[in-house]
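Since the structure comes first, as structure tokens, the remarks are kept for the end.
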Amino acid sequence: MEIRVSGILKSLIVICLVLAFGCSKKSETENYKIGFSQCISKDDWRKAMDHEMEVEASLYTEIELSIFQAHEDIEVQKSQIEFMIENEFDVIIISPLRPEPLVALVERAYDKGIPVIIVDRKIKSQKFTAFVGANNLDVGRNAAKYIASLNEKQSNILEIKGGDNSSPVIERHLGFHEIVYQEANMSVVESIRDNEIQTRIPQIIDSISVNPINYVFAFNDNIAYDAWKIAKSKGVEESIKFIGVDGLNGENNGIQLVENGVLAATILYPTGGDEAIKIAMKILRNENVLKDNILNTTVIDFRNAEIMNDQYDRINKHQKDIESQQKKIIEQEETFSTQSNILKLLVGLLVTSLLLAAYSVYSANNIRKKKRKLELQNKKITLQRNQIKKIAEEVKISNDAKVNFFTGLSHEFKTPITLILSSIESLSENKTIKDNKILNEIGLIFNNSKRLLRLINQLLDFRKIEDRKFVLKASKTNLIKFSKRIFQDFEREAQKRNIDFKFIANSEDLEIYIDRNIMDKVYFNLLSNAFKFTPDNGTISIEIKNDPESNLVNIVFKDSGIGIPKRDLPEVFKAFFQGSNNNKAGSGIGLHLSREFIEMHKGTIEVNSIHGTEFTIKLYKGTSHLNTDDIVYEPDIIDRSIIDFNFDYEDVGFREINPKSEEERYSILLIEDHKELISFLKNKFIGDYEVYMSDGTDAIEKALEIIPDVIICDVNLPDKSGFEICEILKKDLRTSHIPTIMLTALNNKESYIQGLQSGADLYLTKPFSFAVLSQSVKTVIYNREKLRYYFINNIHKISTDNSFGLYAQDFLSKINKIINDNLDNSKLSVENLASDLNLSRVQLYRKTKAILGVTISEYIQNIRLERAKSLLQETQLSISEIAYATGFSSPNYFSTSFKGKYKKSPKTFRQK
Ligand code: FRU
């Protein structure tokens, strides 16, 4: 519909434009072409003829006049006529040079139906439309009659004819002689051609006494004037009367020559230029025209020359007026045509805009309708979308709930499994168990718990992979050592089942960047599968193929197991896929996870099965395939599975803390709401530490009350989270120094960062090895000891040194300031100091002891003595003055105390 309307609109616009511009074109096409071939162009008479034609033609707007000059060349004139015929001129006007040569062409034009007008001179044919010109017989007669009218006794006449044989020359001669013969006293003494005048006239004049001449009749005024000039040069001009033809006005033309007395008379010979155009117009307008249009001729002599001249002047003036009016008319016509074109354009535009306006109203209406329709559709869609969104949200909530439940449950499984594994760990360490049966059962429980833990970890990994939460932590690793360690884990199983289990590597050292934890899972999965599907007495191998030329390393896991059917091969890495020949239980995600893990390393894993199964992992060497964020530093030691009977910490390099006596035992506050776990931990720590417990609800109160040496805190607690508890304790001056170990099942990066941000000193994830936890406790205590040692030996530096923990430094700076401000005050007591710091006496005591390893009184005393020592070295103050200045109540007490610390009396110290 729209297309149709726009088509109509386009046509309307085109019609308007045609209406606007088409009219002027039409009038242009109706112009008439009139052509005129002029035989001679050099003299005024011819120019007058052309001019008359132009003036007359300008009166008709429909005429287009073209004048062609032949310059007295008959061939040129012929070609001009031919051209006009060819180009279908509407009227052809010819002033023929001679009567004969043009006959054929004129007749051709005439036969073709082109009107032909002959002007001035005649041709020898009657096949033309009209003739315009004066009667040249009459011209000759009038000249002769004029001479006769002068009544001379004898008129001896010299006739000077034109140079050619044109009709005027012939007819003027005949007419003139006709009258001369009738008159007895008139005779033509000699007749010459105009080209002879320069030679003949002087001779005639010279013999004038013998052959008297008193008249010259020249065939035009120019010839007559030339003859007069010769006569004048001979001084005989007065005795001869000169008569010419043409009677033009203007400088040195007939009328003026008559007025000047040069000529006695001139016979008016009108050009007929205007008349020719008038006749042409009549022909074009299909009006009747006469074939012969004879123009009047008359004699101009001294009696009427002036009048004629005036008339001509007037005519000329009129003509000029006409011309200027004509010019104005043309200008006005042009203006009119421009304006009318503009008007037409405006009308066209107006019509177009009206049409456009109508169209836009129509379109607006259409659009409105469509919009309304669309709005309705939109509403429907929005409604549907909202419904879908709601359903999707419900599905998501339900799905999230399921997944969260499943994840939570998996996390929940981890703690009891950890407990089981840790308990077995303790049992296995118990040297009193000698019974093999029990040891076997312990091994069974251990292996199955480990498998259970692995499965749960696989499920959690799968969820993490789905959520894209895995972060690669690649560290420089000796791949041979790494692979060998895992290989060793399976050796016992291989031995038991008599499987030929080989580790082959073509190089000793090969360092590549891998996430050891992740790659451990891949190896474990591939080897578990190999062992699962390889019958006893079979073969399994791990082969590392390192080509130094290539930037890839190949790790091939090969077994002689049941293999994988060809059709299953493309599917094996898909989640939850169960092989068609596999009747053994499995989660179906192990290989899927393996491939995801390898791809996290930008590597590839491929499977092949001809005899048994072969998995090939390709990993990149170097680091260019990894992001800088993916690379971490980790000492190149190979962690075994963290739950391991043979776990050995020697490599880690922790320093053993000597067991302490009952009183010196460090205290631990355990914050954990899992009853079994807390009692397990309590039992494990109780021999070596003073153990306090909180289920999380009273954690802060307990910490403030006890000021323990170490806090072990769970994250998921009933009241406040472990992070919150840790943050509160770290911000409190009383507890800020206590090392805190976070213990949690949340093992993602964000939780880890959150733990550290809350101020935790260590972050251990469940399942944890008790050995690791126990060593961690020892390490944080050891570090605290080191710090304490540093503090006590750098008392003066403390306020400026930034190397201490933020909280300890802040606390010590405050204490130092109070002590230094009160250095000369012997009454500065621990109570004063505690209340200035907003602490209880006991809290201050415990905190100072924890950070500095000395009591607060000892610490004050140390500062006093240090200051006294420098005063002794640097000033001339007396010992008693120094004693009072450093806050000792008496010089004696100062001396005793000084000697107690520095083993010298102040006096001896100063002397030395
Ligand atoms: C001009 C002229 C006139 C004469 C006419 C005859 O070329 O010679 O003087 O009257 O032609 O055709």
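In this text the structure is predicted, and so the values were computed from the model without any measurement.
At least one donor-acceptor pair closer than 3.5 Å links the side chain of Asp43 to the backbone N or O of Arg46. A donor-acceptor pair under 3.5 Å links the side-chain atoms of Asn220 to the main chain of Ile223, judged by distance alone. In this structure a side-chain-to-backbone donor-acceptor pair under 3.5 Å is missing from Thr297 to Ala134. Judged purely by atom type and a 3.5 angstrom limit, Asp194 uses its side chain to pair as donor or acceptor with the backbone of Gly163. At distances below 3.5 Å, not a single donor-acceptor pair connects side-chain atoms of Thr129 with backbone N or O atoms of Pro115. A donor-acceptor contact shorter than 3.5 Å is absent between the side chain of Asn87 and the backbone of Phe89. Looking at Asp90, its side chain never comes within 3.5 Å of a backbone N or O of Gly35 through a donor-acceptor pair. Judged by distance alone, with hydrogens and angles left aside, the side-chain atoms of Asp292 form no donor-acceptor pair with the main-chain N or O of Ile294 at under 3.5 Å. A donor-acceptor contact shorter than 3.5 Å is absent between the side chain of Glu394 and the backbone of Lys389. A donor-acceptor contact shorter than 3.5 Å links the side chain of Asn214 to the backbone of Gln154.
Annotation for Asn296: atom CG does not count as buried by contact number, only 12 or fewer foreign heavy atoms lying within 6.0 Å. Around the CZ atom of Arg285, the shell of radius 6.0 Å holds more than 12 heavy atoms that belong to other residues, nucleotides or ligands. The number of heavy-atom neighbours closer than 6.0 Å to CD of Glu306, taken from other residues, nucleotides and ligands shown, is 12 or below.
A distance of 10.5 Å separates CG of Leu295 from CG of Asn135, quoted to the nearest 0.5 Å. Within the model, atoms CG of Asn142 and CG of Leu137 stand 11.0 Å from one another, a figure rounded to the nearest 0.5 Å. Taking CD1 of Ile329 as the reference point, atom CD of Gln325 lies at 6.5 Å (rounded to 0.5 Å). Atom CD1 of Ile381 sits about 10.0 Å away from atom CD1 of Ile388, to the nearest 0.5 Å. Taking CD1 of Ile94 as the reference point, atom CG of Leu105 lies at 8.0 Å (rounded to 0.5 Å). The line from NZ of Lys380 to CG of Leu383 is 10.5 Å long, rounded to the nearest 0.5 Å.
Here Glu52 pairs with Thr271 under the side-chain hydrogen bond (donor to acceptor under 3.5 Å, both in side chains) rule; sequence neighbours left out. With sequence neighbours excluded, the residues that form a side-chain hydrogen bond (donor to acceptor under 3.5 Å, both in side chains) with Lys396 are Asp400. Listed by chain and residue number, Lys42 satisfy the side-chain hydrogen bond (donor to acceptor under 3.5 Å, both in side chains) test with Glu72 (two or more places apart in sequence, or in another chain). Applying the ring pair (Phe, Tyr, Trp, His ring centres under 6.0 Å) criterion to Phe83, with sequence neighbours excluded, gives Phe68. Partners of Tyr269 according to the ring pair (Phe, Tyr, Trp, His ring centres under 6.0 Å) rule, which considers only residues two or more places apart in sequence or in another chain, are Trp45. Listed by chain and number, the residues in a side-chain hydrogen bond (donor to acceptor under 3.5 Å, both in side chains) with Arg108 are Glu86 (sequence neighbours excluded). Applying the ring pair (Phe, Tyr, Trp, His ring centres under 6.0 Å) test to His51 and every residue at least two apart in sequence or in another chain returns nothing. Phe219 is linked by a ring pair (Phe, Tyr, Trp, His ring centres under 6.0 Å) to Phe217, counting only residues two or more places apart in sequence or in another chain.
Between the side chains of Asn309 and Glu259, at least one donor N or O lies within less than 3.5 Å of an accepting N or O. A donor-acceptor contact under 3.5 angstrom links the side chains of Asp50 and Gln69, judged on distance only.
Cation-pi contact between Lys122 and Phe131: present, with separation from the ring centre below 6.0 Å and deviation from the ring axis of at most 45°.
Nearest heavy atom pair, residue Ile123 against residue Pro96, reads CG2-CG, 3.5 Å. Residues Tyr146 and Ala265 share a closest heavy-atom pair of CE2-CB, 3.5 Å. In terms of heavy-atom proximity, Val91 sits nearest to Ala280 at CG1-CB, 3.9 Å.
By the 4.5 Å heavy-atom criterion applied to side chains, Lys291 and Phe128 are counted as neighbours. Annotation: side chain of Ser58 is not in contact with side chain of Glu323 (no heavy-atom distance under 4.5 Å). Between Tyr215 and Leu150 the shortest side-chain heavy-atom distance falls below 4.5 Å.
Listed by first and then second residue, the salt bridge (Lys or Arg N to Asp or Glu O under 4.0 Å) pairs that reach into residues 347-358 come to none, sequence neighbours excluded. Note on residues 215-228: pairs passing salt bridge (Lys or Arg N to Asp or Glu O under 4.0 Å), not counting sequence neighbours, are Asp226-Lys229. Here salt bridge (Lys or Arg N to Asp or Glu O under 4.0 Å) pairs that include residues 265-283, with residues two or more places apart or in two chains, number zero.
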Note to self: Determine whether Arg98 and Cys39 satisfy the following criterion, side-chain contact (heavy atoms from CB on, under 4.5 Å), listing intermediate values before the conclusion.
What the structure shows: CA-CA 9 Å; Arg98 292 201 299 275; Cys39 59; over 6 Å; no
Check: Would Asn249 and Asp313 count as a side-chain contact (heavy atoms from CB on, under 4.5 Å) if you check the C-alpha gap in whole Å, the side-chain angles of each, and the deciding distance to 0.1 Å?
Finding: CA-CA 8 Å; Asn249 70 324; Asp313 281 350; 3.9 Å; yes
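A salt bridge links Lys317 with Asp321: the distance from a Lys NZ or Arg NE/NH1/NH2 to an Asp or Glu carboxylate oxygen falls below 4.0 Å. Salt bridge annotation for Lys33-Glu88: absent, with no cationic side-chain nitrogen under 4.0 angstrom from a carboxylate oxygen. Taking 4.0 Å as the cut-off between side-chain N and carboxylate O, Arg172 and Asp138 do not count as a salt-bridged pair. Ion pairing of Lys328 with Glu331 is absent here, as no side-chain N (NZ or NE/NH1/NH2) approaches a carboxylate O to less than 4.0 Å.
Partner of Ile197 under the side-chain contact (heavy atoms from CB on, under 4.5 Å) criterion, out of Thr199, Ile201, Asn195: Ile201 alone. Ile93 pairs in a side-chain contact (heavy atoms from CB on, under 4.5 Å) with only one of the listed residues (Val132, Val116, Ile279, Val119), which is Val119.
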Would you give me the side-chain donor-acceptor pairs under 3.5 Å for residues 178-193, sequence neighbours excluded?
{"from": "Glu178", "atom 1": "OE1", "to": "Arg141", "atom 2": "NE", "distance (Å)": "3.1"}
{"from": "Glu178", "atom 1": "OE1", "to": "Arg141", "atom 2": "NH2", "distance (Å)": "3.0"}
{"from": "Glu178", "atom 1": "OE2", "to": "Arg141", "atom 2": "NE", "distance (Å)": "3.2"}
{"from": "Asn185", "atom 1": "ND2", "to": "Glu152", "atom 2": "O", "distance (Å)": "2.5"}
{"from": "Ser187", "atom 1": "OG", "to": "Asn156", "atom 2": "OD1", "distance (Å)": "3.4"}
{"from": "Glu190", "atom 1": "OE1", "to": "Arg200", "atom 2": "NH2", "distance (Å)": "2.6"}
{"from": "Glu190", "atom 1": "OE2", "to": "Arg200", "atom 2": "NE", "distance (Å)": "3.0"}
{"from": "Glu190", "atom 1": "OE2", "to": "Arg200", "atom 2": "NH2", "distance (Å)": "2.6"}
{"from": "Ser191", "atom 1": "OG", "to": "Glu159", "atom 2": "OE1", "distance (Å)": "2.4"}
{"from": "Arg193", "atom 1": "NH1", "to": "Gly162", "atom 2": "O", "distance (Å)": "2.9"}
{"from": "Arg193", "atom 1": "NH1", "to": "Asp164", "atom 2": "O", "distance (Å)": "2.9"}
{"from": "Arg193", "atom 1": "NH2", "to": "Asn165", "atom 2": "OD1", "distance (Å)": "3.1"}

